[in-house]
Amino acid sequence: MSIISIAIDGPSGAGKSTLARSAASSLGFLYVDTGAIYRTIGYHIYREGIDPRDAAAVEAELPKLRVELTYGQDGLQHMLLNGRDVTAEIRLPEVSLHTSAVSGHPAVRAYLLEMQRELARTQSVIMDGRDIGTVVLPDAAVKVFLTASPEARARRRVRELQQRGTPEPLEKVLEEIQQRDWNDTHRDASPLRQAEDAVLLDTTDMDFQESEAALLRIIRERTEQ
Ligand code: DC
């Protein structure tokens with residue numbers, strides 16, 4: 001069987017990870033959440049109290065880090081930082097903002113590039129992130145740019161936080177989403193943008209089932225899976 005790569009890019013909160021994970025499980029592909037890999041570095045910088053915008057200080061930390069990705073018995077992707085499982089910690093809201101700044105440094109992107117490519121070399125993957133179709137896997141068989149309006153993304157996030165028992169007001173969540181959108185699209189190194197050959201999937205007016213069906217249709221039409 002040939003090895004197939006599928007790239008899914010888009011802004012924060014567009015539902016990339018939930019949709020990509022479910023598509024990967026339907027197709028029997030490995031799901032790789034590259035945001036979690038960047039978050040692992042963002043978490044380290046946050047924990048060390050380093051200014052995430054200080055490129056030299058961030059770069060100086062990289063040789064001290066061993067970032068590994070494993071799949072637990074639950075089948076979920078876990079992140080290890082110097083041997084310690086940091087899967088839960090990397091989801092803290094402070095880590096999200098640190099990661100957004102840290103991921104703008106070219107040294108950080110170069111440090112993680114080969115690790116991401118290696119994962120796609122030996123197995124079929126659905127990889128989600130910001131520059132998978134444009135930089136990491138430019139030859140991916142299918143590229144999807146998954147998006148939704150900032151308001152729709154904020155509403156979904158508010159619902160998710162409520163269900164988790166950590167509610168946040170809509171205005172604050174929307175502001176954070178807009179801040180991260182701005183950071184991700186305006187940085188010099190691999191900014192978030194739709195690859196020319198990517199299919200646009202806008203889920204603003206779709207529920208989860210509709211989005212899931214649309215994503216699988218796009219993939220199946222192009223790979224005969
Ligand atoms: O997908 P996420 O929200 O967990 O990603 C966290 C941050 O990492 C986000 O601000 C953008 C950055 N990121 C990136 O620059 N490139 C990727 N391939 C994935 C994430």
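Read the numbers this way: they start at 1 and go in the same order the structure lists the ligands and their atoms. Sequence positions, counted from 1, serve as the residue numbers for this chain.
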Worksheet item: Nearest protein heavy atom to atom 8 (O) of ligand 1, by residue and atom, and its distance?
Response: T99 CG2, 3.4 Å
Item to complete: Pick one of side chain, backbone, both or neither for how D184 approaches ligand 1, counting any non-hydrogen atom pair under 4.0 Å.
Response: side chain
Worksheet entry | R187-ligand 1 polar pair, N/O distance under 3.5 Å | yes
Worksheet item: Going by the atom numbers of ligand 1, which of them fall below 4.0 Å from some non-hydrogen atom of S100?
Response: 10 (O)
Discussion item. Quick check on contacts: which atoms of ligand 1 are under 4.0 angstrom from a heavy atom of D131?
Written reply: 18 (N)
Item to complete: Give a yes-or-no answer on whether the side chains of R187 and S103 include a donor-acceptor pair shorter than 3.5 Å.
Response: yes
Item to complete: Consider only side-chain N and O atoms of R220 and S26, and report whether a donor and an acceptor are under 3.5 Å apart.
Response: no
Item to complete: Kindly confirm or rule out an N or O of R180 lying under 3.5 angstrom from an N or O of ligand 1.
Response: yes
Discussion item. Using a 6.0 Å cut-off, check whether atom CD of E196 has over 12 heavy atoms from anything other than its own residue.
Written reply: no
Worksheet item: Looking only at distance, does R130 have an N or O less than 3.5 Å from an N or O of ligand 1?
Response: yes
Fill in: Atoms of ligand 1, numbered as shown, that sit under 4.0 Å from any heavy atom of R39
2 (P), 3 (O), 4 (O), 6 (C)
Fill in: Polar atom proximity, R109 to ligand 1 (N or O, under 3.5 Å)
yes
Worksheet item: Charged N to carboxylate O below 4.0 Å: is that the case for K172 and E176?
Response: yes
Worksheet item: Do R117 and S5 meet the criterion of a side-chain donor-acceptor pair at a distance under 3.5 Å?
Response: no
Item to complete: Enumerate the atoms of ligand 1 whose separation from the nearest heavy atom of S103 is less than 4.0 angstrom.
Response: 12 (C), 15 (O)
Discussion item. Check this for me: does any side-chain nitrogen of one of R91 and E89 sit under 4.0 Å from a carboxylate oxygen of the other?
Written reply: no
Item to complete: Ignoring angles and geometry beyond distance, decide whether T34 reaches within less than 3.5 Å of ligand 1 through its nitrogen or oxygen atoms.
Response: yes
Item to complete: May I ask you to identify the nearest protein heavy atom to atom 20 (C) of ligand 1, giving residue, atom name and distance to one decimal place in Å?
Response: G35 CA, 3.6 Å
Discussion item. Side chains of Y38 and R109: any donor to acceptor distance under 3.5 Å?
Written reply: yes
Worksheet item: What do you reckon, is CD of E175 surrounded by more than 12 foreign heavy atoms closer than 6.0 Å?
Response: no
Worksheet item: Does an N or O anywhere in K16 fall below 3.5 Å from an N or O of ligand 1?
Response: no
Fill in: Qualifying residue, where the test is side-chain contact (heavy atoms from CB on, under 4.5 Å) with S211 and the options are L19, L146, D202, L201
L19
